[in-house]
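First comes the structure, then the notes that go with it.
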Amino acid sequence: MASSLTSFSCLVYFVLLFPTLSTSQNAFVCSRAAFYGNPYSLGTASMPLYLPFIILMMKAGGTCGFGEFGSTLNGGNVAAVCDLFRHGAGCGACYQVRCTYPGLCNENGVTVVKTDHGHGDHTDFILSGRSFSNLALPNMAEELMAYGVVDIEFNRVSCQYPGQNLMFKVTEHSNYPHYIALIPIYQGGMKDIVAVQIWQEDCHEWKEMRRAYGGVWDMANPPRGPLNLRLQVSGEDGQKPIIPLGQVIPGDWKCGAVYDSNLQLH
C-alpha cells in the first residue's frame with residue numbers, strides 16, 4: 001500500500017510539473033533506483049554483473065569507457081542508467097538523486113556521475129553501493145539497502161570539479177601513431193559533447209572523430225604532430241556552440257596519458 005501511494009504521488013507530482021520540465025533545470029522527475037555491490041562499493045565492476053533485478057553489461061570500468069578512473073570518479077558516487085544513456089551522449093553527466101521514504105532518506109540525496117549503461121526493475125538508475133547508501137539518513141543505510149529498489153526523484157545538475165580543467169585521456173587501446181581514441185574526463189557543467197573534431201592541416205579542414213562507444217571518440221590515421229581539437233556541445237537551450245581547444249594532444253602522444261585542455265565547460 002505504501003508503495004502504491006508513493007507511486008501515485010509521484011505520478012501526480014510529475015503531471016503538475018510537466019508544463020515546466022522543458023524550461024526548468026531544477027524540476028525533479030519521479031523514478032526508481034537499484035544498486036549493486038555493498039555500501040562501500042565504488043564504481044562499476046570489470047565484468048558483466050547479474051543480480052535478480054539488475055543487468056549491467058559493461059566494458060571494464062563501465063560502458064562509457066572511463067576504465068578504472070570511472071570507479072573512483074566523484075568519490076565513487078557513480079551510476080549506470082538505461083534510457084538516460086542516449087547512446088553515450090550523456091556519459092559524464094551529473095544527476096542529483098534522492099529517495100522518497102520519510103525516516104530513511106536524507107533531504108539532499110546524492111550527486112552521481114553517469115559512467116555506465118544498465119537496466120533493472122523499471123529503474124532509471126543503478127547506483128554504486130556507496131551512492132545508494134548515501135541516499136539514507138545517518139545509520140539507516142542498511143535498512144534502506146534492504147529494499148533493493150526504491151522510489152526516487154532525480155534531476156540533472158551541473159558537474160563541479162573545483163580546480164580541475166577538462167582533460168582528455170588517450171585510451172590504452174590507441175596505437176601510436178596509427179590510431180587514437182580519446183575520452184573527456186572531469187567534464188564540468190551541464191552540456192553534452194556531441195562532436196569532437198581534429199584539424200587536418202594538409203587539406204585545411206576539420207575532420208570528425210567517430211563516437212566509438214560511450215564517451216570514447218576515435219580516429220584512424222590521425223594527423224601527425226600536435227592535434228588541434230575543437231568540440232561541439234549541446235544543452236537544454238538547444239544551442240550547439242563550437243568550442244576551440246587548441247593543440248591539446250602533443251605530437252608524441254602516449255597511450256594511457258592524460259592531457260589538460262586548459263579550460264572547463266560550464
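One finds the CD1 atom of Ile249 at 9.5 Å from the OG atom of Ser174 (value rounded to the nearest 0.5 Å). Cys159 contributes atom SG, which lies 10.0 Å from atom CG of Leu265 (distance to the nearest 0.5 angstrom). One finds the OG atom of Ser261 at 4.0 Å from the CG atom of Leu166 (value rounded to the nearest 0.5 Å). The structure places CG of Leu84 at 5.0 Å from NZ of Lys114, a figure rounded to the nearest 0.5 Å. For the atom pair CG (Asn108) and CG (Asn134), the distance works out to 11.5 Å, reported to the nearest 0.5 Å. Annotation: the span from Ile180 atom CD1 to Asp218 atom CG amounts to 10.0 Å, rounded to 0.5 Å.
Counting all heavy atoms, side chain and backbone alike, Gly118 lies closest to Ala80 at N-CB, 4.0 Å. Closest approach of Leu231 to Phe168, counting heavy atoms only: CD2-CZ, 3.9 Å. Pairing each heavy atom of Ser158 with each of Gly189, the nearest pair is OG-CA, 3.3 Å. Here the closest non-hydrogen pair linking Ile152 and Val97 is CD1-CG1, 3.7 Å. The nearest pair of heavy atoms linking Pro184 to Trp217 is CD-CD1, 4.3 Å. Counting all heavy atoms, side chain and backbone alike, Ser234 lies closest to Lys240 at CB-CG, 3.8 Å.
Two residues are said to be in side-chain contact when any heavy atoms from C-beta on lie closer than 4.5 Å; Arg230 and Trp199 fail this criterion. The closest side-chain heavy-atom distance from Asp237 to Lys191 is below 4.5 Å. Contact annotation: the side chain of Phe66 approaches that of Ile185 to within less than 4.5 Å [non-hydrogen atoms, C-beta and beyond]. Two residues are said to be in side-chain contact when any heavy atoms from C-beta on lie closer than 4.5 Å; Leu227 and Val248 fail this criterion. The shortest side-chain heavy-atom distance between Met209 and Leu182 falls under the 4.5 Å cut-off. Using a 4.5 Å heavy-atom threshold, the side chains of Ile183 and Val170 count as separate. Asn77 places none of its side-chain heavy atoms less than 4.5 Å from the side chain of Thr111. Between Ser31 and Phe154, some side-chain heavy-atom pair lies under the 4.5 Å cut-off.
With Arg98 contributing its side chain and Cys105 its backbone, the two residues share no donor-acceptor pair below 3.5 Å. One N or O on the side chain of Asp260 and one on the backbone of Asn262 form a donor-acceptor pair closer than 3.5 Å. The closest donor-acceptor contact from the side chain of Gln247 to the backbone of Gly251 lies at 3.5 Å or more, if one exists at all. Although no hydrogens or angles enter the test, the distance criterion places no donor-acceptor pair under 3.5 Å between the side chain of Thr115 and the main chain of Gly70. In this structure a side-chain-to-backbone donor-acceptor pair under 3.5 Å is present from Asn106 to Gly109. In terms of modelled atom types and a separation under 3.5 Å, the side chain of Arg130 and the main chain of Gly75 share a donor-acceptor contact. Between the Asp116 side chain and the Cys64 main chain, no donor and acceptor come within less than 3.5 Å of each other. Looking only at distances, a side-chain donor or acceptor of Tyr101 sits under 3.5 Å from a matching main-chain atom of Asp151. Within the 3.5 Å criterion, the main-chain N or O of Ala141 finds no donor-acceptor partner in the side chain of Ser133.
Ring to ring, Trp253 and Tyr259 are not that close: their centroids are 6.0 angstrom or more apart. Ring to ring, Tyr186 and Tyr161 are close: their centroids are under 6.0 angstrom apart.
Ion pair Asp252/Arg224 not flagged as a salt bridge, since none of the NZ, NE, NH1 or NH2 atoms sits closer than 4.0 Å to an Asp/Glu carboxylate oxygen. Look at Asp192 and Arg86 and you find a salt bridge, because one of the NZ, NE, NH1 or NH2 atoms lies within 4.0 Å of a carboxylate O, short of that distance. Between Glu208 and Arg210, no side-chain nitrogen of the basic residue sits less than 4.0 Å from a carboxylate oxygen of the acidic one, so the salt-bridge criterion is not met.
Asp83 CG: 12 or fewer foreign heavy atoms inside a 6.0 Å radius. Other residues, nucleotides and ligands contribute more than 12 heavy atoms inside 6.0 Å of the CG atom of Asp202.
Relative to the ring axis of Phe125, Arg32 does not place its NZ or CZ within 45° and under 6.0 Å from the centre.
Ile193 and Ile198 fall within a single hydrophobic cluster, where Ile, Leu, Val, Met, Phe, Trp and Tyr side chains are chained together by heavy-atom contacts under 4.5 Å. A chain of hydrophobic side-chain contacts below 4.5 Å, direct or via other Ile, Leu, Val, Met, Phe, Trp or Tyr residues, connects Met167 to Val113. By the criterion of side-chain heavy atoms lying less than 4.5 angstrom apart, applied directly or through intervening Ile, Leu, Val, Met, Phe, Trp or Tyr residues, Tyr179 is not grouped with Met219; the two fall into different hydrophobic clusters. Under the 4.5 Å side-chain heavy-atom criterion for grouping Ile, Leu, Val, Met, Phe, Trp and Tyr, Tyr147 is connected to Leu137 within one hydrophobic cluster. Under a hydrophobic-cluster definition in which Ile, Leu, Val, Met, Phe, Trp and Tyr are linked whenever side-chain heavy atoms come within less than 4.5 Å, directly or via other members, Val112 and Val150 are assigned to the same cluster.
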For a side-chain contact (heavy atoms from CB on, under 4.5 Å) check, start with the C-alpha distance between Phe35 and Ser131, then their side-chain angles and the critical distance, and finish with the verdict. CA-CA 8 Å; Phe35 72 95; Ser131 302; over 6 Å; no
Decide side-chain contact (heavy atoms from CB on, under 4.5 Å) for Val233 and Ile243; before the verdict, give the C-alpha distance in whole Å, the side-chain angles of both, and the deciding distance to 0.1 Å. CA-CA 8 Å; Val233 299; Ile243 301 175; 3.9 Å; yes
Where do Lys169 and Glu172 land on the salt bridge (Lys or Arg N to Asp or Glu O under 4.0 Å) test, with the steps shown first? CA-CA 9 Å; Lys169 179 180 179 180; Glu172 288 79 0; 3.2 Å; yes
Could you walk me through whether Gln200 and Trp206 pass side-chain contact (heavy atoms from CB on, under 4.5 Å), step by step? CA-CA 6 Å; Gln200 190 92 29; Trp206 291 96; over 6 Å; no
Between Gln197 and Leu229, does a side-chain contact (heavy atoms from CB on, under 4.5 Å) hold up when you go through it step by step? CA-CA 6 Å; Gln197 300 173 334; Leu229 303 182; over 6 Å; no
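Grouped by direct or indirect side-chain proximity (heavy atoms under 4.5 Å, Ile/Leu/Val/Met/Phe/Trp/Tyr only), Ile242 sits alone.
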